[in-house]
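Before any comments, here is the structure.
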Amino acid sequence: MLSRKKHPSVILKKKGTGLRLKFVFFTVILVFSVVILLSIPLGLRFSKIQEKNLVLSLQNRLNVLLESLASGAKAYLPGQDLMELSFLPGQSSSVPEASSVIITGPSREEGQEGTDFVWANNDPAILGKIDTEKYTPGVSRLRIQASKRIEERNAYINKHAFFLVSNISVSISLLTQEAESLANKTDSVSTARKNEIRTTILQMEEERNTRLKRISLSSTDSYPEFNPDKLSPDITRYVFYKPVIYIEEGSSNYVHGNVIVEISLEEMFEALSREYEIVIRTTAYTAFAAFLIGVLGSLVLAYIIISPIRYLAAHVAMVRDTEDKSLLEGKRITLRSKDEIGLLGETVNEMTQALATAAIAAKDLTVGKETQKMFIPLETDRNGRKLTSGQYADGNADFFGYYEGAEGVSGDYFDYKKLDDRHYAVIKCDVAGKGVPAALIMVEIATIFLDFFKDWSFAKNGYNISPAVERINDLVESKGFKGRFAAFVICLFDSQTGNIYFCNAGDNKVHIYDSAEKELKIHTLREVSAAGVFPTSTINSAGGGFKVEKLHLNPGDVLFLYTDGIEDAKRFFHTGDSGTADSKGQAFSSEALHRKYETGEVYEEFSYRRVKEIIEAVFKKEKFILKKQHNPEGENTEYTFDFSTCGGTVEEAVMALVSIEKIFRIYEDPSELGLHRVQTDRKIDRFLQKYFLQYNRYCSAKYPHTEYEEYLYYENLNEAPQYDDITILGIKKE
């Protein structure tokens with residue numbers, strides 16, 4: 001025993017030393033890597049942003065310059081005001097990147113066509129860009145690489161302008177002619193018409209000018225093409241040009257000249273190069289400083305973290321080495337840390353206590369729950385263990401059942417048994433109370449059901465199933481369980497005709513989806529006492545006994561048999577801080593907050609209303625919107641399920657009920673640490689992933705169950721307890 005106690009200490013000491021070195025090493029590497037990975041991309045990102053800002057600033061200033069030059073040229077070119085035009089290139093001083101400005105327009109000489117005659121410039125190399133030996137305003141033609149491209153663009157703009165304003169110009173001309181014909185008339189009608197024409201012409205001229213201005217604003221171009229996102233240091237000179245657009249009497253052209261600005265980006269690229277060098281130097285200095293800080297900080301943190309971890313490891317080793325976990329009762333570890341390590345210590349203590357408690361109950365509970373599920377027709381895994389759902393189909397009927405037990409054993413149960421090529425025996429049962437007594441009663445009821453129909457034949461028994469109900473009633477009543485009874489219904493289903501013969505004991509509500517009317521309907525059977533309350537003889541003498549009643553399923557109709565676990569599922573009201581309404585033993589006190597709920601209530605139920613709306617939405621292939629009362633996410637928060645792609649199967653309807661009930665009970669984890677998790681059936685998860693529109697928000701953080709493959713966990717969520725079994729069987733007549 002002494003050797004066994006010393007051995008873990010030696011191992012822990014060795015692992016602690018190794019962990020310290022690993023912690024220092026990986027912390028330093030992490031800090032250094034983070035600095036490098038952040039500094040370089042961020043530095044480059046900032047440089048790119050700086051480059052983009054510089055380019056956008058240049059574009060904005062250049063657009064203002066071009067617009068100003070075009071406006072001036074538009075004002076002075078028609079009158080060939082050479083002096084005013086010569087002042088315009090001086091505006092380039094507002095854009096330091098602009099190396100020259102050239103303004104072109106029509107020729108001063110008769111018979112010369114074109115808009116590429118130079119009227120003003122400040123280009124020192126102008127003689128190399130014109131077709132004359134000497135620069136003569138209005139006579140020298142511009143000859144540069146972009147000349148052909150400018151000419152083609154001017155032709156396109158002329159066509160576009162003609163398309164937009166030619167009709168307006170013709171209308172103005174016609175109205176002007178009409179006004180001239182009325183010029184000498186002074187009668188009131190003519191005067192009114194002249195005023196109307198004058199107003200119309202002003203409006204049309206304003207519209208024409210607006211359209212031409214819109215063309216002018218969008219007609220700036222460059223050579224080579226200037227792309228702010230793909231600038232290259234290899235290309236530093238660009239020629240920007242903008243047409244001078246105005247209307248000239250007697251001319252069909254709208255473009256009468258161009259404003260040409262040449263810019264250089266050499267200084268901008270040099271500034272950006274200096275920025276890159278600064279980024280590299282800053283990154284190197286920061287990485288070195290981070291390296292030193294990481295080494296010192298990791299040493300301190302290693303000591304703070306590793307010491308309590310040793311105590312935790314020793315405690316966990318003790319738990320591991322204790323074969324009988326019930327002996328862990330009262331075993332605790334005390335840590336002085338008040339941070340996450342301390343929280344981990346408390347969690348380990350809770351885990352230890354839970355292991356001790358679970359060890360005591362698990363022996364009976366595990367065996368009991370698995371035994372209970374063995375009586376329910378569910379699918380099995382590769383080890384033969386029952387899962388949560390089961391289905392069966394032939395050409396006439398489709399069965400699908402789902403069972404998810406609450407904590408502990410209970411008395412919920414359903415089963416269906418094929419009797420011959422057309423008849424099925426079906427039972428749905430809910431034993432009052434929970435625990436072993438309820439489970440024992442359920443097992444006896446299941447045994448009688450199976451035994452009764454073991455040798456059943458239609459020729460011998462017909463549709464008289466009341467003897468089975470009577471046997472169950474007398475058995476439960478004879479046991480003398482105080483406060484224990486069973487509410488159940490047994491039915492015989494003729495899958496060829498669709499006739500169903502019911503006999504119930506305290507369970508007289510039958511839910512059938514009418515496919516013709518697309519509505520879930522409740523059929524009320526004869527009210528009879530639940531099994532176990534009175535002897536059959538007393539029930540027969542008082543009210544006629546257990547009678548068989550007939551209902552009918554048309555093709556497409558669905559019979560739903562379920563216990564109250566679905567309708568009575570509940571979630572506590574939540575306050576604004578995500579705490580439940582009864583978290584302090586108090587309920588809401590304001591009538592206004594409760595709406596239809598009474599003051600003092602602390603929860604809402606899933607309700608039959610939701611069951612009906614969900615089933616109908618599935619078969620109608622519509623959306624279902626779930627809302628929760630007193631929802632901390634907001635009273636108007638909606639959880640939307642889109643069933644438009646459903647195939648109208650009974651499986652989809654049943655899975656919709658259990659999946660939406662799950663969403664009804666879960667809520668976002670209010671704790672900052674996100675320690676809560678919700679166990680979820682994988683079958684529900686697949687259904688939610690397909691139909692729940694907010695799946696990625698609530699259900700995307702998940703990981704597998706460590707013990708059972710059919711389950712997984714949703715992280716950072718919590719849920720209201722499942723107080724009763726979810727037991728649902730659907731039968732569809734094909």
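What you see is a predicted model; the values in this text were computed from it and never measured.
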If we count only N and O atoms by modelled type, under 3.5 Å, do the side chains of N631 and Y667 hold a donor and an acceptor together?
no

What ring-ring contact (aromatic ring centres under 6.0 Å, His included) pairs are there with at least one residue in residues 714-734, not counting sequence neighbours?
none

Checking side-chain polar atoms at under 3.5 Å, does T388 have a donor or acceptor matched by the opposite partner on D681?
yes

Sequence neighbours excluded, the answer for ring pair (Phe, Tyr, Trp, His ring centres under 6.0 Å) partners of Y416 is F399

Looking only at atom types and distance, does a side-chain atom of R682 sit under 3.5 Å from a main-chain N or O of E709, one as donor and one as acceptor?
yes

Considering residues at least two apart in sequence or located in another chain, which fulfil the side chain to side chain contact (heavy atoms under 4.5 Å, CB included) criterion with K460?
D455, S457

With a 3.5 Å cut-off and no angle check, do the side chains of D725 and T727 form a donor-acceptor pair?
no

Has D430 got a side-chain atom pairing as donor or acceptor with T563's backbone, closer than 3.5 angstrom?
no

Between the main-chain N or O of I500 and the side-chain N or O of E549, is there a donor-acceptor pair closer than 3.5 Å?
no

Looking at I448, is its backbone amide N or carbonyl O close enough to the side chain of D451 to form a donor-acceptor pair, meaning the two atoms are under 3.5 Å apart?
no

Any chance the rings of F458 and Y463 have centres within less than 6.0 Å?
yes

Sorted by first residue and then second, give each ring-ring contact (aromatic ring centres under 6.0 Å, His included) pair with at least one member in residues 643-662; sequence neighbours left out.
F643-Y691

Can you check whether R385's main-chain N or O pairs, donor with acceptor, with N383's side chain at less than 3.5 Å?
no

Can you sort out the partners of N227 under side chain to side chain contact (heavy atoms under 4.5 Å, CB included), two or more places apart, ordered by chain and number?
D229, K230

Answer yes if the ring centres of H511 and Y562 are under 6.0 angstrom apart, and no otherwise.
yes

Check: R571 side chain, A720 main-chain N or O, donor-acceptor pair, under 3.5 Å
no

With D474 via side chain to side chain contact (heavy atoms under 4.5 Å, CB included) - residues at least two apart
T536

Return the SG to NZ distance between C503 and K547, rounded to the nearest 0.5 Å.
9.5 Å

Has E661 got a side-chain atom pairing as donor or acceptor with F606's backbone, closer than 3.5 angstrom?
no

Donor-acceptor contact present, side-chain K428 to main-chain Y413, <3.5 Å
no

Output, in order, the C-alpha distance, side-chain angles, deciding distance and verdict of ring-ring contact (aromatic ring centres under 6.0 Å, His included) for F619 and Y513.
CA-CA 9 Å; F619 287 115; Y513 176 77; 4.4 Å; yes

Under the criterion side chain to side chain donor-acceptor pair (under 3.5 Å), I'd like the reasoning laid out for H423 against Y501: C-alpha separation, chi angles, the key distance, then a yes or no.
CA-CA 11 Å; H423 293 98; Y501 300 86; over 6 Å; no

Lys/Arg N to Asp/Glu carboxylate O, K386 vs E710, below 4.0 Å
no

K662 bridged to E719 by N-O distance under 4.0 Å
yes

